[in-house]
Enquirer: 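Supplied in structure tokens, the structure appears directly below.
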Amino acid sequence: MAIPPNHIPFAPHDPGVPSHEAARRFYETMRTRRTVRMFADTPVPAETIEWVIRAAGTAPSGANKQPWRFVAVSDPETKHQIRVAAEAEEREFYSRRAPESWLADLAPLGTDEHKDFLDTAPWLIVVFKLMHTDDGEQVYYPNESVGIATGLLLAAAHHAGLATLTHTPSPMGFLSKVLARPEHERPFLLVPMGYPAPDCVVPDIRRKELHEIMARV
Ligand code: IYR
């Protein structure tokens with residue numbers, strides 16, 4: 001068959017075991033991922049973070065515009081500035097903005113306006129969505145694209161033995177300011193990354209069973 005313009009042969013991934021076995025093993029790895037709010041201050045090499053971000057950058061995106069930027073923060077001063085600003089927003093959220101029903105839904109998670117982890121975690125990965133590319137080109141499905149990339153980021157970190165937290169201080173505009181990001185980058189998610197604290201505990205939650213999340217036609 002003639003190769004169409006701009007195309008190259010595809011090299012599929014071979015898991016080396018039957019697909020159900022490969023899929024099961026990946027599930028067994030991923031099922032141990034938990035959102036963690038208690039981090040150790042143990043350093044994580046920048047090289048690890050770079051590989052994790054490379055993995056995130058393999059995500060599909062609308063028209064392959066790759067509308068994301070991952071700002072990796074390890075500077076203690078900057079982390080602290082982020083903590084101070086995030087806690088100010090969160091204080092508003094917990095004391096005024098959040099309706100009672102939302103606070104009731106959060107109660108089992110034990111979250112509050114104290115965000116020690118923003119100082120403690122060795123890395124804060126701030127995920128930005130690009131409203132247009134750095135060259136001014138249009139982007140497509142940026143929310144879907146950056147959402148998928150962030151999912152890969154979490155999976156790659158977990159695969160490397162690192163814990164993550166998907167943190168959504170709201171509104172997140174302060175991140176653009178503190179990190180001096182250009183106008184076309186919009187804060188999407190704040191992901192503290194590092195090793196869990198030795199005494200780390202997590203909420204006792206359950207994941208939905210397959211029949212609850214899957215329908216078959
Ligand atoms: N952003 C706040 C509140 C919060 C909201 C949801 I939805 C959560 O699942 C967890 C927390 C905070 O980070 O505390």
Enquirer: Can you find a pair of side-chain heavy atoms, one from Pro15 and one from His13, that are under 4.5 Å apart?
Expert: yes

Enquirer: Is the shortest side-chain heavy-atom distance between Phe93 and Ser170 below 4.5 Å?
Expert: no

Enquirer: Assess the side chains of Ser61 and Tyr140: does a donor N or O sit below 3.5 Å from an acceptor N or O?
Expert: no

Enquirer: State, yes or no, whether a side-chain contact exists between Pro60 and Ser145 at a heavy-atom distance under 4.5 Å.
Expert: no

Enquirer: Side-chain contact test, heavy atoms from C-beta onward, threshold under 4.5 Å: evaluate it for Leu190 versus Pro169 and give yes or no.
Expert: yes

Enquirer: Are Pro171 and Glu89 side-chain neighbours, meaning at least one heavy-atom pair lies under 4.5 Å?
Expert: yes

Enquirer: More than 12 heavy atoms of other residues, nucleotides or ligands under 6.0 Å from CD of Glu28: is that the case?
Expert: yes

Enquirer: Has the side chain of Arg33 got a donor or acceptor atom that lies under 3.5 Å from a matching backbone atom of Ala157?
Expert: no

Enquirer: If we ignore angles and hydrogens, is there a donor and acceptor under 3.5 Å between the side chains of Thr133 and His184?
Expert: no

Enquirer: Are Phe39 and Leu162 linked, directly or through other ILVMFWY residues, by side chains that come within less than 4.5 angstrom of each other?
Expert: no

Enquirer: Quick one: are Leu124 and Val191 in side-chain contact, heavy atoms under 4.5 Å?
Expert: no

Enquirer: More than 12 heavy atoms of other residues, nucleotides or ligands under 6.0 Å from CZ of Arg31: is that the case?
Expert: no

Enquirer: Between CD of Glu92 and CD of Glu87, what distance do you get to the nearest 0.5 Å?
Expert: 14.0 Å

Enquirer: Return the CG to CD1 distance between Asp75 and Ile82, rounded to the nearest 0.5 Å.
Expert: 9.5 Å

Enquirer: Do Glu113 and Arg91 sit within salt-bridge range, that is, some charged N less than 4.0 Å from a carboxylate O?
Expert: no

Enquirer: Between CE of Met193 and OG1 of Thr48, what distance do you get to the nearest 0.5 Å?
Expert: 10.5 Å

Enquirer: Answer yes or no: is there a donor N or O on one side and an acceptor on the other, between the side chain of Asp135 and the main chain of Glu137, under 3.5 Å?
Expert: no

Enquirer: Measuring only between side-chain heavy atoms, which start at C-beta, is Phe128 closer than 4.5 Å to Val71?
Expert: yes

Enquirer: Measuring from Leu118:CG to Glu90:CD, what's the distance to the nearest 0.5 Å?
Expert: 9.0 Å

Enquirer: So does Arg25 get a backbone contact from the side chain of Thr29, meaning a donor-acceptor N/O pair under 3.5 Å?
Expert: yes

Enquirer: Main chain of Val44, side chain of Trp123: is a donor-acceptor contact present, judged purely on distance under 3.5 Å?
Expert: yes

Enquirer: Measure the spacing between OG1 of Thr111 and CG of Leu103 and express it to the nearest 0.5 Å.
Expert: 8.5 Å

Enquirer: Among the clusters formed by ILVMFWY side chains lying less than 4.5 Å apart, do Leu189 and Val139 turn up in the same one?
Expert: no

Enquirer: Indicate the ring-plane relationship of Phe117 and His167, choosing parallel, tilted or perpendicular according to the 30° and 60° boundaries.
Expert: perpendicular

Enquirer: Does Glu212 have more than 12 heavy atoms from other residues, nucleotides or ligands lying within 6.0 Å of its CD?
Expert: yes

Enquirer: Can any side-chain N or O of His7 pair as donor or acceptor with the backbone N or O of Pro5 at less than 3.5 Å?
Expert: yes

Enquirer: More than 12 heavy atoms of other residues, nucleotides or ligands under 6.0 Å from CZ of Phe174: is that the case?
Expert: yes

Enquirer: Within this structure, what is the CG-CD1 distance for the pair Leu153 and Ile148, rounded to the nearest 0.5 Å?
Expert: 13.5 Å

Enquirer: Between Thr164 and Leu154, is there a donor-acceptor pair closer than 3.5 Å when you use the side chain of the first and the backbone of the second?
Expert: no

Enquirer: Does any part of the side chain of Arg207, heavy atoms only, come nearer than 4.5 Å to the side chain of Ile213, both counted from C-beta?
Expert: no

